[in-house]
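One structure is given here, and the rest of the page talks about it.
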Amino acid sequence: QVQLVESGGGSVQSGGSLSLSCVASGYIPGRLCMGWFRQGPGKSREGIATIASSGSTNYVDSVKGRFTISQDNAKRTLYLQMNSLNPEDTAMYYCAAFTVPIEHDCRPVLDTKGYKYWGQGTQVTVSS
């Protein structure tokens, strides 16, 4: 079973920055594919950033140019650097993952339905 633990959330003023991390542990059957999601107050959970095996990335339009996803496969760690934060970014941020056979590549999928493993989330609050 794969366990995911996020860290790095907090409160920041508009225009500020935060950096999130997600560490994966446990038995990983194959290749681990990971992404970041968030769920704001009264909103559905949405995919915001994912990364492929090749390193190519996929972002939701609302965070393009402000957020950067990266990963360290050796450390089983996923990162999200968030800059120019605004109050609309206030949400619970989740790390999620799914596995594929080791000979397959991860595709940068933003759809929540494809993800099997989820962290507990870390809160990000941006004040104006």
Side-chain angles (χ1 to χ4, degrees):
Q1 187 75 358
V2 178
Q3 291 86 42
L4 303 173
V5 178
E6 305 96 335
S7 62
S11 297
V12 65
Q13 290 191 324
S14 186
S17 299
L18 283 173
S19 181
L20 305 183
S21 298
C22 172
V23 179
S25 63
Y27 172 66
I28 299 177
R31 187 186 302 276
L32 192 67
C33 306
M34 303 175 74
W36 287 102
F37 297 77
R38 69 183 180 187
Q39 186 165 13
K43 297 181 180 179
S44 300
R45 190 171 298 189
E46 64 171 346
I48 57 172
T50 62
I51 187 165
S53 303
S54 62
S56 65
T57 55
N58 191 12
Y59 298 94
V60 69
D61 287 346
S62 60
V63 308
K64 284 181 181 177
R66 300 187 299 122
F67 291 11
T68 302
I69 187 173
S70 61
Q71 64 185 6
D72 184 331
N73 291 324
K75 295 182 178 179
R76 293 183 172 183
T77 302
L78 186 71
Y79 304 97
L80 185 68
Q81 177 63 40
M82 304 185 294
N83 299 326
S84 301
L85 286 162
N86 58 63
E88 290 69 41
D89 295 315
T90 294
M92 185 70 78
Y93 283 70
Y94 298 91
C95 171
F98 61 95
T99 59
V100 297
I102 194 65
E103 64 271 22
H104 291 184
D105 293 330
C106 294
R107 294 183 295 112
V109 179
L110 285 174
D111 189 346
T112 59
K113 295 176 183 177
Y115 288 79
K116 179 177 180 179
Y117 307 103
W118 292 83
Q120 293 299 308
T122 184
Q123 178 67 38
V124 171
T125 302
V126 185
S127 58
S128 57

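The analysis underlying the following values was restricted to heavy atoms, covering all of them including side chains, and did not include hydrogens, waters or symmetry mates.
- Between Ser70 and Ile51, the closest heavy-atom pair is CA-CD1, 4.1 Å.
- Heavy atoms only, all atoms of each residue included: Val2 and Ile28 are closest at CG2-CG1, 4.0 Å.
- With sequence neighbours left out, Ser7 forms a side chain to side chain contact (heavy atoms under 4.5 Å, CB included) with Ser21.
- Follow the hydrophobic side-chain contacts under 4.5 Å out from Val63 and you reach Val12 in the same cluster.
- More than 12 heavy atoms of other shown residues, nucleotides or ligands fall within 6.0 angstrom of atom CD in Glu103.
- Here disulfide (SG to SG under 2.5 Å) pairs that include residues 37-98, with residues two or more places apart or in two chains, are Cys22-Cys95.
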Test log, rule side-chain contact (heavy atoms from CB on, under 4.5 Å), inputs Thr50 and Leu110: CA-CA 6 Å; Thr50 62; Leu110 285 174; 3.7 Å; yes

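- The closest donor-acceptor contact from the side chain of Tyr117 to the backbone of Thr99 lies at 3.5 Å or more, if one exists at all.
- Considering every non-hydrogen atom in both Ala97 and Met34, the closest pair reads CB-CG, 3.9 Å.
- Within the structure, salt bridge (charged side-chain N to carboxylate O under 4.0 Å, His left out) pairs that include any residue of residues 27-41 comprise Arg38-Glu46, Arg38-Asp89 (at least two apart or interchain).
- Listed by chain and number, the residues in a side-chain hydrogen bond (donor to acceptor under 3.5 Å, both in side chains) with Glu88 amount to none (sequence neighbours excluded).
- The minimum heavy-atom distance linking Pro87 with Ser14 is given by the pair CD-OG, 3.8 Å.
- Residue pairs meeting the disulfide (SG to SG under 2.5 Å) criterion with at least one member in residues 33-83, sequence neighbours excluded, are Cys33-Cys106.
- Remark: of the listed residues Glu6, Met82, Gln81, Met82 is the sole one forming a side chain to side chain contact (heavy atoms under 4.5 Å, CB included) with Leu20.
- For Ser54, the side-chain hydrogen bond (donor to acceptor under 3.5 Å, both in side chains) partners two or more places apart in sequence, or in a different chain, are Ser56.
- Within a 6.0 Å radius of CD in Gln120, no more than 12 heavy atoms belonging to other residues, nucleotides or ligands are found.
- Partners of Thr112 by side chain to side chain contact (heavy atoms under 4.5 Å, CB included), not counting sequence neighbours, listed by chain and number: Phe37, Arg45, Trp118.
- Applying the salt bridge (Lys or Arg N to Asp or Glu O under 4.0 Å) test to Asp61 and every residue at least two apart in sequence or in another chain returns Lys64.
- Between Thr125 atom OG1 and Met92 atom CE the span is 8.5 Å, to the nearest 0.5 Å.
- The OG1 atom of Thr77 sits 10.5 Å away from atom CG of Leu4, with the distance rounded to the nearest 0.5 Å.
- Screening residues 60-112 for ring pair (Phe, Tyr, Trp, His ring centres under 6.0 Å) gives Phe98-Tyr115 as the qualifying pairs, with residues at least two apart or on separate chains.
- In terms of heavy atoms, Gln123 sits closest to Thr90 at NE2-CG2, 4.0 Å.
- Listed by chain and number, the residues in a side-chain hydrogen bond (donor to acceptor under 3.5 Å, both in side chains) with Ser17 are Asn83 (sequence neighbours excluded).
- For the side-chain hydrogen bond (donor to acceptor under 3.5 Å, both in side chains) test, no residue two or more places apart in sequence or in another chain qualifies with Ser53.
- Considering only residues two or more places apart in sequence or on other chains, Lys116 meets the salt bridge (Lys or Arg N to Asp or Glu O under 4.0 Å) condition with none of them.
- One hydrophobic cluster, built from ILVMFWY side chains closer than 4.5 Å, holds both Leu78 and Val60.
- Thr122 OG1 to Leu18 CG: the interatomic distance, rounded to the nearest 0.5 Å, is 8.5 Å.
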